[in-house]
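First up is the structure itself, then whatever we jot down about it.
Here is the naming used below: chain letters follow the sequence lines, and residue numbers restart at 1 for every chain. Nothing here was measured: the structure is a model prediction, and the numbers come from that model.
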2 protein chains.
Amino acid sequence: MDKTQKITIKDIARQTGLSKGTVDRVLHNREGVSKKSYAKVMKVIKDLGYEPNIYASLLAKHTERVIAVILPRCKSGEFWELSDPGIERGKEFAHNLGINVRRFNYDQYDENSFRRACNEALAMDPAGVVLPPMFRNETMIFVDKLRDRDIPHVYVDTKLETNGYLAYFGMPIYQSGYLCASILTDDTPTNEVAVIRIQRDKHGQSDPTINRREGFNDYIAEHFPNCRIHNVFINPNRPEEIDGILEEFFRSNPRVSQIAMFNSRIYLITPFLERHPEKKYRVVGFDNLAANLSALRSGMVTSLIAQRPDEQFYGAIKALTDFIVFGKVPSIRDNFMPMDILTRYNAEYY
Amino acid sequence: MDKTQKITIKDIARQTGLSKGTVDRVLHNREGVSKKSYAKVMKVIKDLGYEPNIYASLLAKHTERVIAVILPRCKSGEFWELSDPGIERGKEFAHNLGINVRRFNYDQYDENSFRRACNEALAMDPAGVVLPPMFRNETMIFVDKLRDRDIPHVYVDTKLETNGYLAYFGMPIYQSGYLCASILTDDTPTNEVAVIRIQRDKHGQSDPTINRREGFNDYIAEHFPNCRIHNVFINPNRPEEIDGILEEFFRSNPRVSQIAMFNSRIYLITPFLERHPEKKYRVVGFDNLAANLSALRSGMVTSLIAQRPDEQFYGAIKALTDFIVFGKVPSIRDNFMPMDILTRYNAEYY
DNA sequence: ATTTTTTCCGTTACCGTGCACGAATCGTAA
DNA sequence: TTACGATTCGTGCACGGTAACGGAAAAAAT
């Protein structure tokens, strides 16, 4: 308890017969301290269990420190917007400890714009960086620069298998696919399922849905080896085509009644679903976008699996702040967020 | 941004032609300030957008402030233990803002012990109190005393319909029953379900399972009006009887294959379930106790609905701290936690 | 008008750290 | 021994706010 008066630098100075200036030098590993004094101070610090007073420290130190958060520009209704509240909470947390959080946005389909955002962040000489590694190569280059300058960084969403990162906050992607399959089939015998996929020209971006699909396929293979998985491709840039494709597919495969989608755009198929309420499709998608939630509420979508992007960013900023201010290395390096199962009956509380 | 130098009380003193002492008095509503000066200071504070520096404040203020958390003694493996990590996180948060969190425990079946804990807390002259209102009457009396002393309090878990509380953090209990029914039936036609209930001599305690049962019954009535709900009573204090009761019931009701339980003790029936793996019961319970989780992993329990008791306490302590330190009144007074649906495939990430 | 009381306000000494400045001490070479 | 640079260390102010102390001004009482 705090019954005993808190130990201060002055106490240590007195105990060692040195001055607070010297104690301060030891505490910050600054040069100009003899080995003997250094050892003496360290010993007393340990014996007395000294803990610095952060208020006093923050008050006396007037360097502006900033954490850079580099992420795709949040378009309204899209995935990255979900991380917003988490960033705000992180900002508040960091602010209480004297650190500003600044965001650097880029176009998630434009590698150059990503590079620009990174450089912009670097120019601020940040005390730490949070980013999802959207473009593999550019991220590697950027992270190397950070390492040169001793700037810690934390990955969110996905991570790179480099080992310089301080922490990672994301979802267990493979398992999310596995979970998706278990919900879709509800563990009851299943012969055919449809997976709606998105046709896209690759840009060297990391694509978490690949991993997720593996988990899905594995679950199906393990539990229902005879189940057939149909792949249906749609193109979000040609919304007018989608309905036709779906109509066509489900007309020729009338026995398929379970539908999954591995990205956040399950809402794309709701118009189709709404035209076939009698079919009672079982539909599982990902992420609690507003459009997805409304499909959930109306009963078109059965379940959504949500990954708390906000918690990811909050966790990342908090971990970075703790490291910068207190020197605390995160006890867990790879942090997996819970996968929330949302149905129409619990969605409104998320 | 913080480009412009932060406004300090010295700035305000200069602007108003008064001294920092007076400004300080105004800021804390202390007496001894003329109306004229008061108004002048308030105006300048507003004009310049002054925000106090909490570090300096915390540093200069040497009063020990404490938040009292009054809750049942956490027995290992029982419900209240789940709130522990949340209290710890809250403690850390509060600590960063110069507030200590102290717990006061009592026996959850003993009203006198609850009263003693309350008085003990009161004797510390706390700056705020967090408590689940376990005993209605005693809580009312206690809360009245708090109000007399202007001590804010926050309810967790359940709330009383008094209106003196600062905030409430809990789960939507009725809806949790509704959700439970929807998961148990998976929206497919159902004729019979079993609800395992606990026989207990009432002690004037609040019993959230009543409300939950209502939600459950309503869902069933709305969706499957012909479904029969069997009530099976067991007594946790006579564990040796439980198996016999269950065997007996399910022998005479062989068509019942869906089981729900509204308290946190679904684990009580796993021995029975394990002896009948061929029946493939669909089982839904509440709360992620260690014992429940292991039943989930082994496949005996289908789903658990968890209510994040830790988040409740964290939220409560945070809200109280924000109120005490910054005077912030919570933007949302009644805060409902998400109801997490846990299955064997996502449970390990909670 | 003078004294007493009350109201109002400025001054000042902190709180615990950070850091710049300059002084003391040490080692080494002339 | 003296001189001189390099180390090592102590001193003191600053950070922004708090609150006790006591003095000045205003109001009330004599």
- In numerical order, the residues of residues 36-46 of chain B whose heavy atoms come under 4.0 Å of DNA chain D are none
[X] [atom1] to [N] [atom2], straight-line distance once rounded to whole Å:
{"X": "I7(B)", "N": "dG17(D)", "atom1": "CD1", "atom2": "C1'", "result": "15 Å"}
{"X": "I54(A)", "N": "dG18(C)", "atom1": "CD1", "atom2": "P", "result": "12 Å"}
{"X": "R14(B)", "N": "dG16(D)", "atom1": "CZ", "atom2": "P", "result": "12 Å"}
{"X": "F326(B)", "N": "dG17(D)", "atom1": "CZ", "atom2": "P", "result": "13 Å"}
{"X": "D11(B)", "N": "dG17(D)", "atom1": "CG", "atom2": "P", "result": "9 Å"}
{"X": "K35(A)", "N": "dT8(D)", "atom1": "NZ", "atom2": "P", "result": "9 Å"}
{"X": "I12(B)", "N": "dG10(C)", "atom1": "CD1", "atom2": "P", "result": "14 Å"}
{"X": "E31(A)", "N": "dA6(D)", "atom1": "CD", "atom2": "C1'", "result": "12 Å"}

- Quick note, salt bridge (Lys or Arg N to Asp or Glu O under 4.0 Å) partners involving residues 160-170 of chain A, not counting sequence neighbours, are R136(A)-E161(A)
Touch class at under 4.0 angstrom, heavy-atom based, for [X] against every strand present:
{"X": "L27(B)", "result": "nothing"}
{"X": "G17(B)", "result": "sugar-phosphate"}
{"X": "L18(A)", "result": "sugar-phosphate"}

Who passes side-chain hydrogen bond (donor to acceptor under 3.5 Å, both in side chains) against [X], sequence neighbours left out?
{"X": "K10(B)", "value": "none"}
{"X": "S37(A)", "value": "S34(A)"}
{"X": "K61(B)", "value": "none"}
{"X": "Q307(A)", "value": "D287(A), Q312(A)"}

- Apply salt bridge (Lys or Arg N to Asp or Glu O under 4.0 Å) to R30(B) and list each qualifying residue two or more places apart in sequence or on a separate chain.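 Scan of R30(B) (salt bridge (Lys or Arg N to Asp or Glu O under 4.0 Å), adjacent residues dropped) gives D24(B).
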- Query: Are any of S57(B)'s side-chain N or O atoms less than 4.0 Å away from OP1 or OP2 of dG16(D)?
  - Reply: no
- Looking only at side-chain N and O atoms, does Y55(B) come under 4.0 Å of OP1 or OP2 in dG18(C)?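 Result: no.
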- Item | Note, F313(B) side chain near V130(B) side chain (heavy atom, < 4.5 Å) |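 Sidechains of V130(B) and F313(B): in contact.
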- Query: Taking 4.0 angstrom as the limit, do D148(A) and K145(A) come out as a salt bridge?
  - Reply: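 Looking at D148(A) and K145(A), the cut-off is not met.
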Quick one: which protein N/O atoms are closer than 3.5 Å to N/O atoms of nucleotides 11-15 of chain C? Pair and distance per line, please.
{"residue": "dC15(C)", "atom": "O2", "partner": "A60(B)", "partner atom": "N", "Å": "3.4"}

- Query: Which residue, Y168(A), Y165(A), F169(A), forms the ring pair (Phe, Tyr, Trp, His ring centres under 6.0 Å) with Y155(A)?
  - Reply: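 For Y155(A), the ring pair (Phe, Tyr, Trp, His ring centres under 6.0 Å) test succeeds with only one of Y168(A), Y165(A), F169(A), which is Y165(A).
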- Query: For the helix from dA1(C)-dT30(D) to dA30(C)-dT1(D), how many degrees between its two end axes (five pairs per end), to the nearest 10°?
  - Reply: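 End axes: 60° apart.
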Provide the closest heavy-atom pair for [X] versus [Y] in the form atom of the first, atom of the second, distance.
{"X": "A316(A)", "Y": "V154(A)", "value": "CB-CG1, 3.6 Å"}
{"X": "P132(B)", "Y": "Y106(B)", "value": "O-OH, 4.1 Å"}
{"X": "D11(B)", "Y": "T8(B)", "value": "OD2-N, 2.8 Å"}

- Item | Residues forming a side-chain contact (heavy atoms from CB on, under 4.5 Å) with K328(A), sequence neighbours excluded | D322(A), F326(A), E92(B)
- Item | Partner residues of E138(B) under the side-chain contact (heavy atoms from CB on, under 4.5 Å) criterion, sequence neighbours left out |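 Listed in chain order: E111(B), F114(B), R115(B), F135(B), I141(B).
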Detail all sub-3.5 Å separations between protein N/O atoms and N/O atoms belonging to nucleotides 23-28 of chain C.
none

